[in-house]
Amino acid sequence: MEGIAFSPSNNFNCYPQIHPIKTLIPIPFRFCNYKTNNPNQSLLSFSINSSKTTQTPITQPPPLVVVGSANADIYVEIDRLPTEGETISAKNGQTLAGGKGANQATCGAKLSYPTYFVGQVGDDAHGKLITQALGNGGVRLEYLKSLGGGVPTGHAVVMLQSNGQNSIIIVGGANMSSWPDKLSDQDLDVVKNAGIVLLQREIPDSVNIQVAKAAKGAGVTVIMDAGGMDAPMPQELLKFVDIFSPNESELRRLTGMPTDNFEQISQAAAKCHKMGVKQVLVKLGAKGSALFIEGEEPITQPIIPAAQVVDTTGAGDTFTASFAVALVEGKSKRECLNFAAAAASLCVQVKGAIPSMPDRKSILNLLQSV
């Protein structure tokens with residue numbers, strides 16, 4: 001299989017740990033020239049050499065900002081799904097940090113790209129588990145809120161079968177509760193100064209609409225992952241979205257059209273174009289992915305086969321976030337798809353969404369080998 005090889009970048013440093021701070025302060029990176037489509041962004045920042053009193057101007061990339069959900073994923077490993085009325089025994093059980101928003105944020109940070117997460121957890125053991133996992137992954141947590149008042153952290157029951165496939169039931173908890181009617185200026189400022197914004201549907205649509213509107217007004221690209229609640233997509237939200245990213249079943253549900261073959265998928269994507277979204281990035285599972293840009297030929301990407309499929313839980317989130325990072329770095333759309341396919345291939349080889357997020361070096365090595 002042919003692939004597009006990426007050369008390792010000298011633009012990034014992997015910082016060992018970032019301690020929480022109260023204001024948005026640029027993260028020091030090596031001097032580099034980053035592209036940005038946002039005329040409101042200033043890429044000038046400063047790093048301080050402790051041996052000198054002068055400040056040296058450097059540039060940093062505008063960050064990836066993920067606004068979304070954080071869940072405690074309760075894994076139960078089973079040979080098969082139970083039938084109606086049946087009780088079966090699980091081979092194993094484990095609780096790991098997850099949630100589509102937290103997964104995508106961790107993926108961005110693991111790729112050594114500055115990443116902020118805007119979300120909510122409860123003041124409980126699950127909230128502490130998620131906060132620690134995100135921090136250990138390098139995600140900036142200044143905009144992660146811990147809710148009191150007995151609001152629980154969101155969680156999900158992941159029924160993981162021996163073939164690596166899964167079925168998931170989500171309990172919204174803090175992801176769906178106690179969001180302000182109007183987001184704070186501080187939360188919206190980090191969105192307006194982003195290089196790219198990622199959204200999903202595991203938080204209220206009203207929050208996503210505010211974020212997407214603020215980002216769009218600042219010239220920031222918005223990618224909307226369709227995963228999450230089973231409800232119609234608000235037209236008010238779609239009009240602020242640059243790239244809409246469903247999988248086959250989500251595309252079928254949201255358009256009311258069949259998606260059994262590529263021709264039907266193309267027609268469903270065309271309906272999304274008529275709904276106001278110019279670019280539709282469809283995740284096709286074992287058949288790869290395709291990007292449908294209005295007025296252009298589709299760009300298709302086959303999967304990069306995994307050595308072993310252990311858990312597909314975070315594969316879609318890994319794909320979407322890796323695509324976003326490659327895009328904000330200025331890669332072509334075809335290169336973005338190839339990079340994302342490699343990331344997803346590595347992700348499915350490890351159990352647990354956040355623990356499975358690959359680093360940049362591993363992705364580049366895989367791309368060079370295919």
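Below, each value reflects all heavy atoms present in this structure, side chains not excepted, and no hydrogens, waters or symmetry copies.
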K.L.:
Hydrophobic cluster mates of Val171, side-chain heavy atoms under 4.5 angstrom, ILVMFWY only, any path?
P.N.:
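For Val171, no cluster forms, as it stays isolated from other hydrophobic side chains.
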K.L.:
Please name all residues satisfying side-chain contact (heavy atoms from CB on, under 4.5 Å) with Ala307, sequence neighbours left out, ordered by chain then number.
P.N.:
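In terms of side-chain contact (heavy atoms from CB on, under 4.5 Å), with neighbours along the sequence ignored, Ala307 is linked to Gln349.
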K.L.:
Quick one: list whatever passes side-chain contact (heavy atoms from CB on, under 4.5 Å) with Ala105, sequence neighbours left out.
P.N.:
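Scan of Ala105 (side-chain contact (heavy atoms from CB on, under 4.5 Å), adjacent residues dropped) gives Val66, Thr115, Phe117, Val139.
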K.L.:
Got a sec, which pairs hit ring pair (Phe, Tyr, Trp, His ring centres under 6.0 Å) with one end in residues 314-334, sequence neighbours left out?
P.N.:
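Checked against ring pair (Phe, Tyr, Trp, His ring centres under 6.0 Å) - neighbours excluded - no pair reaches residues 314-334.
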K.L.:
Please identify each residue that fulfils side-chain contact (heavy atoms from CB on, under 4.5 Å) with Glu296, with sequence neighbours left out.
P.N.:
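Partners of Glu296 under the side-chain contact (heavy atoms from CB on, under 4.5 Å) test: Ile293.
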K.L.:
Could you label the plane-to-plane angle of the His155 and His126 rings as parallel, tilted or perpendicular, counting under 30° as parallel and over 60° as perpendicular?
P.N.:
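Tilted: the ring planes of His155 and His126 meet at 30° to 60°.
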K.L.:
How does the hydrophobic cluster around Val348 look, that is, which other residues are in it when side-chain heavy atoms under 4.5 Å mark a link?
P.N.:
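Members alongside Val348: Val309.
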K.L.:
Using side-chain contact (heavy atoms from CB on, under 4.5 Å) as the criterion, list what pairs up with Pro258, not counting sequence neighbours.
P.N.:
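By the side-chain contact (heavy atoms from CB on, under 4.5 Å) rule, Pro258 matches Asp260, Gln264.
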K.L.:
Kindly give the cluster partners of Leu147, where membership spreads through any ILVMFWY side chain lying under 4.5 Å from a current member.
P.N.:
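Same cluster as Leu147: Val151.
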K.L.:
Taking only residues two or more places apart in sequence or in another chain, which ones pass salt bridge (charged side-chain N to carboxylate O under 4.0 Å, His left out) with Lys216?
P.N.:
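Testing Lys216 for salt bridge (charged side-chain N to carboxylate O under 4.0 Å, His left out), a comparison that skips the adjacent residues, returns Asp242.
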K.L.:
Name the one of Gln267, Arg252, Arg253 that satisfies side-chain hydrogen bond (donor to acceptor under 3.5 Å, both in side chains) with Thr259?
P.N.:
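Single side-chain hydrogen bond (donor to acceptor under 3.5 Å, both in side chains) partner of Thr259 among Gln267, Arg252, Arg253: Arg252.
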K.L.:
Do NZ/NE/NH1/NH2 and the carboxylate oxygens of Asp225 and Arg201 come within less than 4.0 Å?
P.N.:
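So Asp225 does not pair with Arg201 through a salt bridge.
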K.L.:
Can you list the other members of the hydrophobic cluster that holds Tyr75, where links are side-chain heavy atoms under 4.5 angstrom apart?
P.N.:
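For the cluster that includes Tyr75, the remaining residues are Leu96, Val158, Leu160, Ile168, Ile170.
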K.L.:
Could you give all pairs that pass the ring pair (Phe, Tyr, Trp, His ring centres under 6.0 Å) test and reach residues 256-294, with sequence neighbours left out?
P.N.:
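Sorted result for residues 256-294: Phe262-Phe292.
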K.L.:
Using the side chain to side chain donor-acceptor pair (under 3.5 Å) rule, collect all pairs that involve residues 284-294, keeping only residues at least two apart or in two chains.
P.N.:
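Those involving residues 284-294 are Glu248-Lys287, Lys278-Glu294.
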